[in-house]
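Notes follow once the structure below has been shown.
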Amino acid sequence: MKLFSPAKINLFLHILGKRPDGYHNLVTLMCCVGLYDIVRLDFSVRDVSVACNHPLVPLDHTNLACRAAKRFFDHINRKEGVGISIEKQIPVGAGLGGGSSNAATVLLGLNRFYGLPLSREQLIALGVSIGADVPFFIDQKPAIASGVGEILEPCSGIEPYTVLLVFPGFSISTAEMFKNFNFRLTKDIEKIKIPFFRNRNFDIKRDLHNDFEKIAEEKHPELASIKNVLLKHGAMGALMTGSGSAVFGLYRDRESAEKAYSTLCRHEGRQLFVADVIL
């Protein structure tokens with residue numbers, strides 16, 4: 001079975017506080033974009049295993065896709081095996097959700113292969129136990145995620161942007177970002193969410209925001225430079241996604257994004273991708 005596993009971007013990301021269980025309450029608007037890992041499932045094997053073409057992807061139980069397969073089989077009470085092969089196109093450790101997307105893709109593929117034993121709600125509940133972003137990738141539709149990521153509310157007020165993604169060539173630790181975040185800043189989750197459902201659509205100038213960005217830019221000033229270059233080359237807005245390190249620019253159309261790409265792709269050590277937001 002060959003499956004396509006999309007990347008995501010966060011159009012806004014607000015951290016609300018730390019929970020007693022060690023996780024963090026947040027509210028974020030996420031969209032999938034047309035940059036994909038390719039996941040292949042081989043059902044001719046007895047055990048669960050994972051292989052990947054990227055040297056930084058773990059091949060043991062810490063791999064989210066491997067964990068997803070084991071949780072799925074436990075949940076349906078079957079001792080089965082599957083060989084998971086991941087062809088990475090999404091940069092690793094970039095805040096683009098590649099690992100979570102791979103896990104959700106495995107859950108969806110296994111569920112289809114075994115005759116849909118789990119409902120959407122069951123898949124989302126299973127996803128939460130694997131990783132905070134996994135539930136979002138079950139639907140792969142623009143959504144505001146809250147709680148630790150398991151509460152999903154569809155968001156239709158987003159234009160069909162084209163994005164220019166820039167991976168600077170280094171990763172940023174999510175744990176390190178949370179460790180350095182100032183939790184004394186309190187926010188009202190309803191004030192953040194309500195405008196998108198009652199009054200207006202997503203507005204780049206007003207809403208594009210990432211609580212992690214300043215922390216990341218203090219340690220990696222080149223991220224601010226990348227944002228400025230994207231804005232200089234026609235982006236309507238630019239932002240770091242997730243906990244970093246990838247930065248994206250939002251463009252009105254693909255032609256504008258590709259024109260910027262042709263200018264920016266000369267920088268050695270960076271990876272650039274043009275992709276459409278998936279609505």
Side-chain angles (χ1 to χ4, degrees), residues 7-33 64 91-101 103-104 124 127-139 142-155 157-158 163 165 167-168 170-197 202-221 223-224 226-227 237-248 250:
K8 61 84 181 166
I9 56 173
N10 302 77
L11 293 177
F12 67 69
L13 174 59
H14 297 267
I15 309 301
L16 303 179
K18 193 169 184 177
R19 297 155 51 107
D21 60 8
Y23 285 91
H24 298 83
N25 284 316
L26 53 83
V27 57
T28 181
L29 172 56
M30 292 190 284
C31 300
C32 287
V33 296
L64 297 186
V92 175
L96 293 166
S100 296
S101 179
I124 287 174
V128 176
S129 71
I130 300 163
D133 286 343
V134 177
F136 164 75
F137 285 107
I138 297 298
D139 289 334
I144 292 183
S146 54
V148 297
E150 83 284 11
I151 304 169
L152 298 168
E153 301 174 65
C155 186
I158 300 169
V163 299
L165 295 165
F167 175 59
F170 58 84
S171 301
I172 294 178
S173 164
T174 301
E176 196 68 25
M177 287 291 100
F178 277 115
K179 182 180 176 182
N180 291 312
F181 186 72
N182 180 6
F183 288 104
R184 289 174 295 179
L185 302 173
T186 58
K187 298 181 180 181
D188 185 335
I189 185 172
E190 290 306 319
K191 285 183 179 179
I192 295 169
K193 288 166 56 178
I194 285 174
F196 294 93
F197 300 100
F202 177 79
D203 182 281
I204 290 176
K205 291 184 178 178
R206 185 189 297 189
D207 303 315
L208 203 62
H209 176 82
N210 185 339
D211 275 347
F212 286 132
E213 195 173 59
K214 285 186 177 180
I215 304 168
E217 288 177 354
E218 286 175 4
K219 189 172 182 180
H220 304 284
L223 298 179
I226 292 171
K227 279 183 60 181
L239 191 71
M240 186 183 80
T241 184
S243 58
S245 59
V247 176
F248 65 88
L250 294 175

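Note that the coordinates shown come from a computational prediction; the quantities given were computed from them, not determined experimentally.
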Could you tell me whether a side-chain N or O of K8 sits under 3.5 Å from a main-chain N or O of G95, the two making a donor and an acceptor?
-> yes

Could you pull out the closest heavy-atom pair between S243 and I172, with the gap in Å?
-> O-CG2, 3.4 Å

To the nearest 0.5 Å, what is the distance between CG (L29) and CG (N10)?
-> 8.5 Å

Identify the heavy atoms of G237 and I204 that sit nearest to each other, and give their distance.
-> CA-CG2, 3.8 Å

Please identify each residue that fulfils side-chain hydrogen bond (donor to acceptor under 3.5 Å, both in side chains) with N210, with sequence neighbours left out.
-> none

Straight-line distance of I9 CD1 to L239 CG, nearest 0.5 Å | 8.5 Å

Heavy atoms only: give me the nearest F12-D207 pair and the separation to one decimal.
-> CB-O, 3.3 Å

Atom pair CG/CG of L208 and L13 - distance to nearest 0.5 Å | 11.5 Å

Quick one: does D203's side chain have a donor or acceptor within less than 3.5 Å of a partner on R206's backbone?
-> yes

Do the non-hydrogen side-chain atoms of I144 and T28 ever get within less than 4.5 Å of each other?
-> no

What's the shortest heavy-atom distance between G149 and P135, and which atoms?
-> O-CB, 3.9 Å

Any chance you could lay out the salt bridge (charged side-chain N to carboxylate O under 4.0 Å, His left out) test for E176 and K219, step after step, and finish with the verdict?
-> CA-CA 11 Å; E176 196 68 25; K219 189 172 182 180; 5.2 Å; no

How far does CD1 of I138 sit from CG of L152, to the nearest 0.5 angstrom?
-> 9.5 Å

Judged by atom type as modelled, is there a donor-acceptor pair below 3.5 Å linking the side chain of S171 to the main-chain atoms of V92?
-> yes

Measure the spacing between CD1 of I130 and CZ of F137 and express it to the nearest 0.5 Å.
-> 13.0 Å

side-chain contact (heavy atoms from CB on, under 4.5 Å) filter on A224, not counting sequence neighbours, yields E217

Over all heavy atoms of both residues, which pair between P142 and C31 is shortest? Give the atoms and the distance, please.
-> CB-SG, 4.0 Å

Does S146 reach the main-chain N or O of L26 with its side chain, forming a donor-acceptor pair under 3.5 Å?
-> no

Does the side chain of L11 come within less than 4.5 Å of L250's, by heavy atoms?
-> yes

Closest heavy-atom pair and its distance - M240, E213 = N-OE2, 2.9 Å

Roughly how far apart are D139 CG and C32 SG, rounded to 0.5 Å?
-> 9.5 Å

Give a yes or no on whether the backbone of I15 and the side-chain of D211 come within a donor-acceptor separation of less than 3.5 Å.
-> yes

Side-chain donor or acceptor of S245 paired with backbone N/O of F170 under 3.5 Å = yes

Is the backbone of V128 close enough, under 3.5 Å, to the side chain of E150 for a donor and an acceptor to pair up by distance?
-> no

